[in-house]
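A quick write-up on the structure given underneath.
Any value given below was found using the heavy atoms of this structure, including those in side chains, with hydrogens, waters and symmetry copies removed. In this chain, residues are counted from 1 in sequence order. Numbering of ligands and ligand atoms starts at 1, following listing order.
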Amino acid sequence: MSVAGKTAVITGSNSGIGLGVAQELAKAGANVVLNSYTDTPEDHALAAEIAKTHGVDAKYVSADMSKGEDCRRLISDAGRCDILVNNAGIQFVAPVQDFPAAKWDAIIAINLSSAYHTTAAAITGMRENGWGRIVNIASAHGLTASPYKSAYVAAKHGIVGLTKTIGLETAQEPITCNAVCPGYVLTPLVESQIPETMKEYDMSRDEVIKNVMLERQPSKEFATTEQLGGTVAFLCSDAAAQITGTTISVDGGWTAL
Ligand code: NAD
């Protein structure tokens, strides 16, 4: 069974990795439901562009992944959800004693709890349809840690644990649940960290990229959104039917260190 004709819901997909995943799944023939918390003409235009380019159905559903009821409404508004990609995520960096409680709560809600709500809402439909794929976009920080990213690392380790649990709960069904663990990918989330890091270390943009960001990425190259989308498409393929409850790293060797 291929992904053609399936419906994929991708949270946080009006930019970066989520958009890359939506484009790769649409290229493979899946209908896609894009999402973020905004509701702008540009958001809806992105869906229209994907529909036109790939000849699939595509729509944009505004829903705030920091709110459980919005996560569940996203799945019902999608109409159908054969493939669920939990991708929405935010970052905040501070030593633990200075880490604002509101940021901690937001990161745990968006990066972790949203995946519980969407999975809980989507899994019954997958069972009824006799097929489902859940892919959680975790991080190298789901497997290893860095200082000052306490909430992010906790949420990403949490989503790896959730992935294993759902993999076991669905092990004897035609449903799989896996996590993809990217290293650094040059998306707006990462781009936004560059100016501050340049100031902090008194470095040029190139130095920040090579010596700070890619310091732990042995390939010394960013992973791309197309590579992440391709990995998700593979996890949705028949070849991956026995891959469940596990992680795939797309990190240029980071977690081999
Ligand atoms: P990004 O900022 O480009 O994309 C994040 C997406 O989440 C955006 O579409 C944004 O609108 C959406 N989002 C944020 N808050 C939301 C909310 N409350 N409700 C709904 N949507 C919301 O960042 P990205 O780099 O593409 O990150 C995507 C995922 O990949 C995140 O989970 C991130 O942790 C993970 N990741 C990124 C990298 C990287 O290097 N870029 C590495 C590892 C993991």
Side-chain angles (χ1 to χ4, degrees), residues 9-24 32-40 42-43 46-47 60-75 77 85-93 102-103 105-115 117-118 135-146 149 151-160 162-163 179-194 197 208-209 212-217 219 221-229 231-232 247-252 254-255:
V9 179
I10 306 107
T11 72
S13 45
N14 66 351
S15 91
I17 293 171
L19 183 56
V21 168
Q23 283 163 335
E24 290 301 315
V32 293
V33 179
L34 303 185
N35 154 263
S36 185
Y37 57 92
T38 51
D39 198 1
T40 66
E42 290 77 22
D43 291 329
L46 273 177
Y60 178 86
V61 175
S62 173
D64 183 347
M65 293 300 102
S66 71
K67 299 183 176 131
E69 62 273 23
D70 268 35
C71 298
R72 289 168 190 263
R73 178 179 55 77
L74 168 63
I75 301 303
D77 284 2
V85 183
N86 289 304
N87 167 79
I90 58 168
Q91 174 65 287
F92 189 81
V93 180
K103 286 286 181 198
D105 289 345
I107 289 176
I108 299 298
I110 297 168
N111 297 21
L112 175 58
S113 303
S114 68
H117 289 290
T118 54
V135 183
N136 296 321
I137 305 300
S139 168
H141 282 116
L143 303 168
T144 181
S146 295
K149 297 186 175 176
Y152 188 84
V153 171
K156 294 299 185 181
H157 275 67
I159 207 154
V160 169
L162 177 68
T163 301
V180 174
C181 296
Y184 267 110
V185 187
L186 193 56
T187 63
L189 184 143
V190 168
E191 189 67 56
S192 70
Q193 296 171 33
I194 295 178
T197 318
V208 163
I209 289 175
V212 181
M213 295 192 147
L214 298 181
E215 197 247 331
R216 291 170 75 185
Q217 198 144 310
S219 66
E221 283 182 27
F222 286 111
T224 67
T225 58
E226 291 80 8
Q227 290 162 351
L228 269 306
T231 305
V232 172
T247 58
I248 295 191
S249 291
V250 185
D251 66 1
W254 179 334
T255 44

Query raised in the report: Any side-chain heavy atom of I194 sitting closer than 4.5 Å to one from M213?
Result: yes

**Report entry** Distance in Å, E221 CD paired with I209 CD1, rounded so as to fall on 0.5 Å steps
**Finding:** 12.5 Å

Requested in this report: Sort out the contact shell of ligand 1: every protein residue with a heavy-atom distance below 4.0 Å, listed by chain and number.
Outcome: G12, S13, N14, S15, G16, I17, N35, S36, Y37, A63, D64, M65, S66, N87, A88, G89, I90, I110, I137, A138, S139, Y152, K156, P182, G183, Y184, V185, T187, P188, L189, V190

Report task. List in chain and number order the residues that pass side chain to side chain contact (heavy atoms under 4.5 Å, CB included) with A155, two or more places apart in sequence or in another chain; answer none if no residue qualifies. Result -> I107, I108, N111, L112

Query - With sequence neighbours excluded, residues passing side chain to side chain contact (heavy atoms under 4.5 Å, CB included) with T118 - result: T11, M65, C71, I75, L84, N86

Query - Aromatic plane relationship, Y184 with W254 - under 30° parallel, 30 to 60° tilted, over 60° perpendicular - result: parallel

**Report entry** Q227: partners by side chain to side chain contact (heavy atoms under 4.5 Å, CB included), with sequence neighbours left out
**Finding:** A223, T224

